[in-house]
Protein chains: 2
Amino acid sequence: MKKRVTELTGVKEIARRANVSIATVDRVLHNRKGVSKQTKEKILSIIEELNYEPNLLAQRLASRKTLRLATLVPEISKETSFWEAPLKGIEQADKEIKQFGIIIDKYFYDQNKIESFVEQTKIILESKPDGILLAPSFIEESVSFTDKCRELNIPYVLIDSDLPNGGSLSYIGPNLYHSGYLAAHLVSYLVKNGEKILIVNISREIDNHHHLLKKEEGFRAYFNKHNMPDSIIKIDIRDTDLKSIEKYLSKIFIEHTDIKIVFVTNSRVSKVAHFIENSKKDVILIGYDFLKENIMYMDKGIIDFLVCQKPKQQGYRGLISLYQHLAFSSPVEKIYFMPIDILTKENSAFYRN
Amino acid sequence: MKKRVTELTGVKEIARRANVSIATVDRVLHNRKGVSKQTKEKILSIIEELNYEPNLLAQRLASRKTLRLATLVPEISKETSFWEAPLKGIEQADKEIKQFGIIIDKYFYDQNKIESFVEQTKIILESKPDGILLAPSFIEESVSFTDKCRELNIPYVLIDSDLPNGGSLSYIGPNLYHSGYLAAHLVSYLVKNGEKILIVNISREIDNHHHLLKKEEGFRAYFNKHNMPDSIIKIDIRDTDLKSIEKYLSKIFIEHTDIKIVFVTNSRVSKVAHFIENSKKDVILIGYDFLKENIMYMDKGIIDFLVCQKPKQQGYRGLISLYQHLAFSSPVEKIYFMPIDILTKENSAFYRN
DNA sequence: TTTAATTACGGGTACGTTAACGAATATATA
DNA sequence: TATATATTCGTTAACGTACCCGTAATTAAA
């Protein structure tokens, strides 16, 4: 530990060199009006010369501003624990930046009720936040919500899934197509000639089906590109209860006896695993997401691979990006695709979500 | 943006409630002497009651202390670009925390010259830093260095490889055994009956051979545990030039014509890839690390899988841990194993090192 | 009892920045 | 020319914490 030498590059030094007061320096730093062209240029050149960087600590400390950010993500349901992870990321970010004068208001909606989503967006808009983090499950409603945000000049960051209307400060989430493509690549190592591949889409009517389709598209694209024997079967299941799923699955396994690989396009893979385990099928099972129930089946050896895209990070990074944009107007990557992680029984214990 | 409401939980408020000055509050906060037992307890109970958390911004700003951290890692050689990544992580951390009054001095050693390592450690000790980040390639020398650090009460963090003497503030790096175990798990999906697996260790006499052995041990353990047909061949190559490597490889491929899987236990896998490409062997190649040359061979389809453990993160996290420990005495995970990432042609573009 | 030493505490300035307020100067309007 | 209105700038008090320095009160030593 050493005594710190007095900073020779702060506003004070700039003011001294320019023969003005620090208030004037402050004005040009935030290019507010009230400074003559001459002195402004003089000060700018000195700033350049010293290549001055403001002290972020002092900046936040002195700023009497409070930033209020709102987050809107699905509530955690019995249906799926997926949204636990992004929420944890949000909470971590909250903890880290709250002492910087940031207040984070968390809003949730029910993925089964569009009205709940719309309702929450209204409440959020009324609260006039400075920035918004949004997981847009319902596309149409999200588009009109974000359109309003842009009108009101409220920056927003999307996570988990993107929107067609553009204009977000950033999208942080998966590249769905490529994650399907990667899964296919994995499968290509595992499938032998004559064996069949089953794609399983499980989603409710209300779900964002587009998600699954994109993954399937990527998956199929790989096999098309590599002229692999087209032995892909697909099943769409629009019920999410275990019974229905098992009914459909046993039916298709009777129709096709040579299925060796099963690719489930979302995190409901554990339900398929349940079926596979009970029916003692010898297949390779690939699915999505680092959920407790999925990991359990992976440890048992029923699920072979999980593809995962750091959902916790998505929440965390989303908020941090908003904060940095608003507080320091630092540049933000317009599209930040999460890495496509491959989990197996042997590396899942080391995974950081 | 809203005006911030005046903080009602700072030292000032505590002082007001306790009927003392903030200086006294400050004394008990840092439990310095000069406070009577009575007032100390009174203040402590108020701190408890308000569950006061110091404002880190103000704390760093007001502190006239400068923390000096030293980093000692291998210099970037033509031999391998591996150490580029940790260095980048170090530089990123530097950028982020230098405005918090942290000065980072970077030292480098030549992996071919033990003396250079020893020399640098001496220079570092003379500079009396407040903390050290170390990549301990030479075990014996590192042990005696870190022993001295402990004597001098200088906390140190190890990255990339651990030391037997313990006492580090934290180890941040791979679990070598498990990364080998994972690789074997992958291989188990890919190998067919009767096919041979070749383990390739390439390292110089001076290198930390222990690294490779640990991975090999994990790799073999998997096959032992799963009673897989023992068809593992192994070759140790103690020269790192392309010519020697190719000589040894072609010899072993002549001896064993049924090698279908090659597992290279470190980042020199690109040299093996070069051989495989030229000799047009049809094998699955697995190796380590996200290096340019490796990625190139992966894109070409010569290397099938790379195992990687976020070397950049290691440098970054190492410094951040040191900083947080020293500045805020926040708790640090004693062992932080990096995730074991699996890279293929199809997800490497999205990888964050 | 006087003096010295020790203990307990408060005042006040500094860290680098923000921004409210008001003063001074320049320019426009009558 | 007198007055109003912009324009340009400086003074100053915060933000929450650290810590130097001085002083009053208490205790110990003479």
Side-chain angles (χ1 to χ4, degrees), chain A residues 1-43 47 50 52-67 98-102 326-329, chain B residues 1-44 47 50 52-67 98-102 327-329:
Chain A
M1 293 261 198
K2 239 187 182 172
K3 288 288 163 60
R4 194 190 302 186
V5 285
T6 319
E7 205 75 49
L8 283 169
T9 142
V11 279
K12 230 183 292 185
E13 175 66 11
I14 298 174
R16 198 186 60 78
R17 296 202 188 195
N19 256 325
V20 295
S21 76
I22 54 172
T24 303
V25 175
D26 192 64
R27 277 186 268 266
V28 345
L29 277 173
H30 298 82
N31 56 256
R32 284 179 299 222
K33 58 177 190 170
V35 184
S36 74
K37 212 177 162 198
Q38 274 187 50
T39 47
K40 181 168 183 173
E41 271 166 13
K42 187 172 177 184
I43 289 174
I47 287 174
L50 293 173
Y52 164 78
E53 300 255 337
N55 181 315
L56 300 186
L57 294 182
Q59 211 164 51
R60 284 308 304 167
L61 185 62
S63 167
R64 279 116 164 104
K65 303 270 175 56
T66 284
L67 285 177
K98 74 159 167 247
Q99 53 190 322
F100 292 38
I102 315 293
L326 289 166
F328 314 118
S329 48
Chain B
M1 293 262 197
K2 238 188 185 174
K3 289 288 164 59
R4 195 191 302 185
V5 284
T6 319
E7 204 75 48
L8 284 169
T9 142
V11 277
K12 229 182 295 183
E13 174 66 12
I14 298 174
R16 198 185 60 79
R17 297 202 188 195
N19 257 325
V20 295
S21 76
I22 53 174
T24 302
V25 175
D26 191 63
R27 275 185 271 264
V28 346
L29 276 173
H30 298 82
N31 58 256
R32 282 178 300 221
K33 57 175 191 173
V35 185
S36 73
K37 211 178 164 199
Q38 275 187 50
T39 47
K40 181 166 182 175
E41 271 166 14
K42 187 171 178 185
I43 289 174
L44 279 176
I47 287 174
L50 294 173
Y52 164 77
E53 300 257 333
N55 182 316
L56 300 185
L57 294 182
Q59 213 165 50
R60 283 309 302 168
L61 184 62
S63 167
R64 279 117 162 103
K65 303 271 174 55
T66 285
L67 285 177
K98 75 157 166 249
Q99 52 189 320
F100 292 37
I102 315 294
F328 314 118
S329 48

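Any value given below was found using the heavy atoms of this structure, including those in side chains, with hydrogens, waters and symmetry copies removed. If you're wondering where the values come from, they're calculated on a predicted model, not measured in any experiment.
The distance between atom CD of Gln38(A) and atom C1' of dC9(D), rounded to the nearest whole Å, is 14 Å. Between the P atom of dA20(C) and the CZ atom of Arg32(A) lies a distance of 8 Å, rounded to the nearest Å. Atom P of nucleotide dA14(C) and atom CG of Leu57(A) are separated by 20 Å, given to the nearest angstrom. One interatomic measurement links the two molecules: CD1 of Ile22(B) to P of dA8(C), which rounds to 20 Å at whole-angstrom precision. Note: CG (Asn31(B)) to C1' (dC9(C)) measures 17 Å, nearest angstrom. In this entry the distance linking CD1 of Ile43(A) with C1' of dT8(D) reads 11 Å, nearest Å. As a whole-Å value, the separation of Lys37(B) NZ from dC9(C) P is 14 Å. Atom CG of Leu61(A) is separated from atom P of dA19(C) by 12 Å (rounded to the nearest Å).
Lys42(B) places none of its side-chain heavy atoms less than 4.5 Å from the side chain of Val20(B). Here the side chains of Arg32(A) and Asp26(A) are in contact, with some heavy-atom distance below 4.5 Å. By the 4.5 Å heavy-atom criterion applied to side chains, Val11(A) and Tyr52(A) are counted as neighbours.
Using a 4.0 Å heavy-atom distance criterion, Lys33(B) is classed as making no nucleic acid contact. Here Leu29(A) lies out of heavy-atom contact (under 4.0 Å) with every strand.
With dG16(C), dG16(D), dG11(C) as the candidates, the nucleotide lying closest to the side chain of Ala23(B) is dG11(C). Checking dC19(D), dC9(D), dT18(C) against every side-chain atom of His30(A), the shortest atom distance belongs to dT18(C). The listed nucleotides are dG16(D), dT17(C), dA18(D); the one nearest the side chain of Asn55(B) is dG16(D). For Ala62(B), the side-chain atoms get nearest to dT17(D) when compared with the rest of dT17(D), dC9(D), dC9(C).
A close approach under 4.0 Å does occur between a side-chain nitrogen or oxygen of Thr39(A) and OP1 or OP2 of dC9(D). Contact annotation: Thr24(B) reaches the phosphate of dG10(C) (side-chain N/O to OP1 or OP2, under 4.0 Å). A close approach under 4.0 Å does not occur between any side-chain nitrogen or oxygen of Lys40(A) and OP1 or OP2 of dT8(D). The phosphate of dC15(C) has neither OP1 nor OP2 within less than 4.0 Å of any side-chain N or O from Ser63(B). Not one side-chain nitrogen or oxygen of Arg60(B) sits closer than 4.0 Å to the OP1 or OP2 atom of dG16(C). Checking the phosphate oxygens (OP1, OP2) of dC15(C), a side-chain nitrogen or oxygen of Lys12(A) falls inside 4.0 Å.
Looking at which nucleotide of DNA chain D each of Gln59(B) and Asn19(A) is closest to, the 5′-most match is held by Asn19(A).
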From CA spacing to verdict: side chain to side chain contact (heavy atoms under 4.5 Å, CB included), Leu61(A), Asn55(B): CA-CA 9 Å; Leu61(A) 185 62; Asn55(B) 182 316; 4.1 Å; yes

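At a cut-off of 3.5 angstrom, counting only N and O atoms as typed in the model, there is a donor on one side and an acceptor on the other between the side-chain of Arg27(B) and the base of dG10(C).
Results of the side chain to side chain contact (heavy atoms under 4.5 Å, CB included) test with Arg17(B) over Ile43(B), Leu50(B), Ile47(B) single out Leu50(B) as the only residue that passes.
Scanning both residues, Ala327(A) and Arg60(A), for their nearest heavy atoms gives CB-NH1, 3.8 Å.
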